Every structure is written in C-alpha cells, then in structure tokens.
Amino acid sequence: MTKKIFRSILLAAVSVLLASLVIIMGCLYDYYKNVQEKQLRDELRLASYGVEADGLDYLEQLTSPYRFPSTADFRLTWIAADGEVLFDTHVPAAEMENHSDRVEVREALAEGESEGVRYSQTLTERTLYCAQRLSDGTVLRISISQLTVFALAMGMLQPILLTAIIAVILSALLAHRMAKSIVAPLNRLDLDRPLENDAYEELSPLLGRIHQQHRQIEAQLRELRRKTEEFEQITENMGEGLVLLDGKGAVLSINPAARKIFHAGNSCVGQDFLVADRDHEVNRAIQTALKGGHSEIRAIRNDREYQFDISQITVDGTVVGAVLLAFDVTEQVAAERSRREFTANVSHELKTPLQSIMGSAELLENGLVQQEDIPQFVGVIRTEAARLVTLVEDIIHLSQLDEGIAPAKEQVNLLELAERAASALRERAEERQIDLSVTGEDSMINGVRGFLYEMLYNLIDNAIKYNKDGGQVEVAVSAGDTSTTVSVKDTGIGIPPEYQTRVFERFFRVDKSRSKASGGTGLGLSIVKHIAQYHHADLMLHSSLGEGTEILISFPNE
Ligand code: ADP
C-alpha cells in the first residue's frame, strides 16, 4: 500500500511538474513574442521616420560602422511600390527578386501596414515581420527570425532536464515521506477494538463495519463453542464408543469410551484409523461404509464382544466422512447363547420322561406286562408325568422371571415362610431321618410371597435331597441393621469347588443320576438366583465336599 501511495503521489507530482513546465514555457514564449512584436513595430516606426527623412542614406548608415540599433537580427528591407527591392540590410538589393507578390508588401500597399508570421521548412524557426507603407508609396519591411517553442525547449533541454531531475528526486523524497505518514496511522489501527481508533474520519464506516463483524463472529464462535461443548458432553458420557472419521478414514474425534475400547490416546486424532486400531477387518468395514453407506462388524476387544456400526456421512450428496458406533454386545451374545442352550436343554429334558411314559404305555397297551407288574409301570408313568409337571412349572417360573412379569410385592415374614416350606418338606426329611430345624426371629421384608416361598422350598428341598441319611438341615432367619438374611445349611455331600458357581446355571447338575432319582430338574438353583436378583438380594454359597453346604441370601432392609 505504501508503494502504491508513493507511486501515485510521485506520478501526480511529475505530471504537475511537466504540465507546469509546458505552461511556463508557453507563457514565456508568448510574452517574449509580444515583446518582440512590440519591439519590431517600434523599430519599424523609427526606421520609417529615418527613411522618410533621409531616404537611402539613413538605411546605408545603419549597416556600417553603426549597426542596427538593438540587434543585428533585425532585417530591414525597403521595397518600391512596384516590388523592386531598393535596400536590404542582409543581402545586396540587386541580388534580390521582385517582392510585389509578397503578402506583407501587398497588404502594406493596400492597407498601410501589415504584420505576419512565416515558418521555416523545418518548423524550428519562424520569421516575424512587420511592413509599413511610407508617404512616397514605398514599403519598409522589418523582420526578425525567432525560434519556435519546440526549438526553444530543445535549446533549454539541459537546464530543463536538470530541473526535472532535481524536481523528481525532491518529489520522490516527499512522496516517500507522505506515503509513510499516510500509512502509519493505518498500521497503528487496533482492529481488535475498532471503535477506539482515531486515525482518519473516512475510516469510521469501515471500522464500524469491522466492529459489527467482530460482534457477529464472537456470537457465532460462542454458539459454535456451546454446540461443541454440548457434543463433547454427550459423547464423553456415552457408554458406547463413538469415532468420527473424515472422507479418507482419518480420525476427527474419538470419545473416551472408544479410546478405552481401542486402547487409543488422543494422539490418534488427525491420523488414519489404523493408528487407533490395527485390525484390518474393522478398517475394511470403514472403507466399505465410506463407499457403500453402511457396514457392521463384530469383534472382540478387551475380552468383550463389540458390534461396530459404521455409517457414511454425506453433505449435499458428497461423502464427507463416517461415524463409527461401538456397542458392547457381550451380555446380549451370552443371553442369545444361553437361550439357544436352554431351548436345546428343555427339549432334551422333556423328551426323556416322555419317552419313558411312551415306553411304559406301549407295553401296557400291547398287554406285554404281567398283571402283577402293572402297578409298577403305572407308577413309572405317574412319576415321569409328575417330573414333567414339575419341569414345566419350573420352566414357566423361569420364563416369568426372565420376562420380568412381577406380581405385587408385600410385607412378608421370612421366618413364617421358612417354617411353612419346612413343614411341607418335613415328611420327606423324616423318611431319611434328617433333622430339619427352623430358627430365628420374625423378620419382615418387602417381597413377592409366592417367589420367596418357592426359593425357600427349593433350598430346603436341595438340602434334604443332597444330604446323607440321618443328616441335619438348619434354616436360620436373622435380621441385621442393613439386611435380613436367611441361611439354609446342610450336612450333605457338598459341592466340588469347580462347580460351586455353575450350580446356578440352568440344567446344570453335579450328579445327573442322583438329581433325576430325586425328581430334580436342574432348574431349582437357577430359579433361586433369579428370585434373589429380583429382590436385590445377595446370594452366597459355602460348601465343602463331603461336609455340607450353606446357602445364604441377604435382603437389603428398605
Ligand atoms: P436339581 O433339580 O438337580 O436339584 P438345582 O438347580 O436345584 O437342580 O441344583 C443344581 C445342582 O446343584 C444339583 O443337581 C446338585 O448337584 C447341586 N446341589 C444343589 N444343592 C445342593 C446341596 N445342598 N448340596 C449338594 N449339592 C447341591
């Protein structure tokens, strides 16, 4: 900008200088011409008086030794009325041609006097002349040759050039200083606080506009910051992993959950996703989504199974990137697997008693059973049918618990419920000389009576089933400050340590034949676990092989 201002000022100065020179030259020339013309007329008048008085003598004494008064450049010519040259200060009269056809002569003869200008062929010189008719009818002409403006200028070229160079240098220095002084306040402008500037009044609208734009930008920035913070808040608290990728698969943003899944730091931002995760399968899925719109893939990370859903992001039909969402599907996969296993197990568990019933019924139908054996076969059919009923009941209970179908909760006395379940099983205990006791204090908890009864029944039933003849079963209810606990303890066969967690799985039995022989379905403890979970109760199992088992369930006091 400084350069531009400098150039403009310099150009203006040089133009003004040149124009001034031309005008001055023109004026000077004009003045000089007027002076010369006047001088010419005066000289002619003087000469006329001389010639009128002394004739040719006057003219001849002008030449030598006395020169023409002011300058030798004047040329005097005396011409007779017929055009014959009588005298000339420069050329002998005899050598000169007749002047009757000369304009100035003709005009002077006709009008008394005449004035004019004649240019030389090169146009660098011109001749001013003045003619006057004398009283005797002759014409006296005076002329002077004069340089034209161009020739004058050419003659003065050296001083003009010198002046011009000095003027240009001075102009350049001045222009430089002026440009700097014009630009200096502009350089000092504080664009962060445009309204506080006091540079040039002409800048006020511009500075006002800048101030307004600042405010707009600040408002937009605030809005952008708010949205970014909102986005970060959401993504940072998301349980799912979220990765934003650009059109080439480079990471734009990665939330903490995704960083944990991929063991990636913030340094992966701006780099290819391969830096965050080396798995080519996932990277291939990203490329597929970038090209085709959407892709899904499952992969194990940190011993957990994740589903990666990758979707293309487009703006006005152009692919600008992709978003990767990572869901932990470990539980879902496990639930799917256990559902599949459960279905297979249920089919198997139903088939065995049904086959037994079918076999006995066929033998009876075909009369292949001796009369005295019939009760035994009918007994088998009844036992197996009863097992089927128990199994179906257990399955119904489990599926109710799975579905979350929840009967209303009420205040239940756990001790009373334990006594009821124990008395229902007392006969079975007595059959094997097992001592069954219930101790404790009345303890009220908020729960589903039916579920809690079934839980206690299953636990006491197991404690009898897997006990030794003549053993003991102790049911104890105790109320603490924070929880109410029921414990079912037996002196039975115990559970091997490696199976102690597995006994709560559906259809898991340590000794299948013993379970079956005692009418077990393999679902009892699984139902117990579900009921405990339903009541937010803690479940604990202590067991020593050959010594006995204790199962404790602690209900939180509400
Ligand atoms: P079941 O119908 O077979 O009794 P459960 O789910 O109630 O099924 O129990 C699962 C398995 O856990 C049983 O088959 C048994 O092997 C073992 N078990 C359960 N309770 C006891 C206990 N009190 N003492 C020893 N083993 C037990």
Side-chain angles (χ1 to χ4, degrees), residues 338 341-342 344-346 348-353 356 383-402 418 421-422 424-426 428-429 431-438 451-476 485-534 539-553:
S338 85
E341 282 171 9
F342 182 63
N345 279 329
V346 166
H348 178 74
E349 294 295 328
L350 287 174
K351 212 170 146 194
T352 319
S356 177
T383 316
E384 292 301 320
R387 186 205 296 280
L388 275 178
V389 171
T390 318
L391 188 64
V392 169
E393 274 173 3
D394 280 356
I395 291 168
I396 289 169
H397 285 151
L398 261 179
S399 61
Q400 276 177 346
L401 286 163
D402 279 347
L425 289 160
R426 197 166 302 276
R428 214 178 284 177
E431 277 170 17
R432 296 179 54 206
Q433 295 86 45
I434 292 170
D435 179 35
L436 174 58
S437 66
V438 179
F451 283 179
L452 292 169
Y453 177 79
E454 191 175 353
M455 182 186 83
L456 289 164
Y457 186 94
N458 281 348
L459 289 174
I460 301 168
D461 188 26
N462 279 353
I464 297 169
K465 270 196 294 189
Y466 303 107
N467 214 322
K468 296 165 194 159
D469 291 345
Q472 284 179 344
V473 174
E474 285 171 19
V475 183
T485 307
V486 59
S487 135
V488 180
K489 190 175 176 185
D490 64 59
T491 52
I493 57 172
I495 304 167
E498 66 269 28
Y499 298 133
Q500 286 181 9
T501 49
R502 296 206 60 196
V503 287
F504 295 99
E505 288 175 17
R506 293 172 187 193
F507 296 112
F508 182 83
R509 295 141 165 141
V510 177
D511 181 349
K512 209 163 187 168
S513 52
R514 178 162 186 157
S515 161
K516 280 198 170 174
S518 52
T521 60
L523 294 173
L525 283 184
S526 176
I527 291 172
V528 167
K529 189 177 93 177
H530 268 82
I531 293 172
Q533 275 172 356
Y534 183 76
L539 180 65
M540 278 168 291
L541 182 144
H542 306 293
S543 184
S544 307
L545 208 53
E547 287 179 22
T549 303
E550 182 183 15
I551 293 179
L552 292 130
I553 298 166

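What's counted below: heavy atoms across the whole structure, side chains too, no hydrogens, waters or symmetry copies. Fair warning: this is a prediction, and the values are worked out from it, not measured in the lab. Note that ligands are numbered from 1 as they come in the structure, with each ligand's atoms numbered from 1 the same way.
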statement: Within the 4.0 Å heavy-atom cut-off, what Y499 brings close to ligand 1 is neither
- request: Looking only at distances, please establish whether an N/O atom of ligand 1 is found under 3.5 Å from an N/O atom of V510.
  value: yes
query: Aromatic rings Y499 and F508: how do their planes relate, parallel, tilted or perpendicular, breaks at 30° and 60°?
result: tilted
query: Got an N/O contact under 3.5 Å between L525 and ligand 1?
result: yes
task: For the pair T352 (side chain) and H348 (backbone), establish whether a donor and an acceptor sit closer than 3.5 Å, ignoring hydrogens and angles.
output: yes
- prompt: OG1 of T521 to CG of L388: how many Å apart, nearest 0.5 Å?
  reply: 11.5 Å
query: Does R428 come within less than 4.0 Å of E431, counting only side-chain N to carboxylate O?
result: no
query: To the nearest 0.1 Å, how far is atom 3 (O) of ligand 1 from its closest protein heavy atom, and which atom is that?
result: S515 OG, 2.6 Å
message: To check your reading of the model: name the closest protein heavy atom to atom 10 (C) of ligand 1, its residue, and the distance in Å.
response: F508 O, 3.2 Å
message: Minimum distance, heavy atoms only, to atom 2 (O) of ligand 1: which one of I495, I551, T521 is it?
response: T521
message: Please list the nearest protein heavy atom to atom 4 (O) of ligand 1 with its residue and the distance rounded to 0.1 Å.
response: Y466 OH, 2.8 Å
- request: Please write down residue, atom name and distance for the protein heavy atom closest to atom 17 (C) of ligand 1.
  value: V503 CG1, 3.9 Å
- request: For atom 1 (P) of ligand 1, state which one of G522, G548, G524, S526 supplies the nearest heavy atom.
  value: G522
query: Can you tell which part of D490 has a heavy atom less than 4.0 Å from ligand 1: side chain, backbone, both or neither?
result: side chain
- request: Walk me through it: do I553 and L459 pass the test side chain to side chain contact (heavy atoms under 4.5 Å, CB included)?
  value: CA-CA 11 Å; I553 298 166; L459 289 174; 3.6 Å; yes
Atom indices of ligand 1, in the order listed, that fall short of 4.0 Å to a heavy atom of L523: 6 (O), 8 (O)
query: For the side chain of K465 and the backbone of R514, is there at least one donor-acceptor N/O pair under 3.5 Å apart?
result: no
message: Check for me whether R514 has a heavy atom closer than 4.0 Å to any atom of ligand 1.
response: no
message: Between E550 (side chain only) and S487 (backbone N and O only), is there a donor and an acceptor less than 3.5 Å apart?
response: no
query: Out of V473, D394, L545, N462, whose heavy atom sits nearest atom 19 (C) of ligand 1?
result: N462
- prompt: Any side-chain heavy atom of I527 within less than 4.5 Å of one from F451?
  reply: no
task: Using non-hydrogen atoms of the residue, decide whether G494 is closer than 4.0 angstrom to ligand 1.
output: yes
statement: d(H530 NE2, L523 CG) to nearest 0.5 Å is 10.5 Å
Atoms in ligand 1 with a heavy atom of K465 nearer than 4.0 Å: 1 (P), 2 (O), 4 (O)
message: Check whether D461 reaches the backbone of Y457 with its side chain - one donor and one acceptor, N or O, closer than 3.5 Å.
response: no
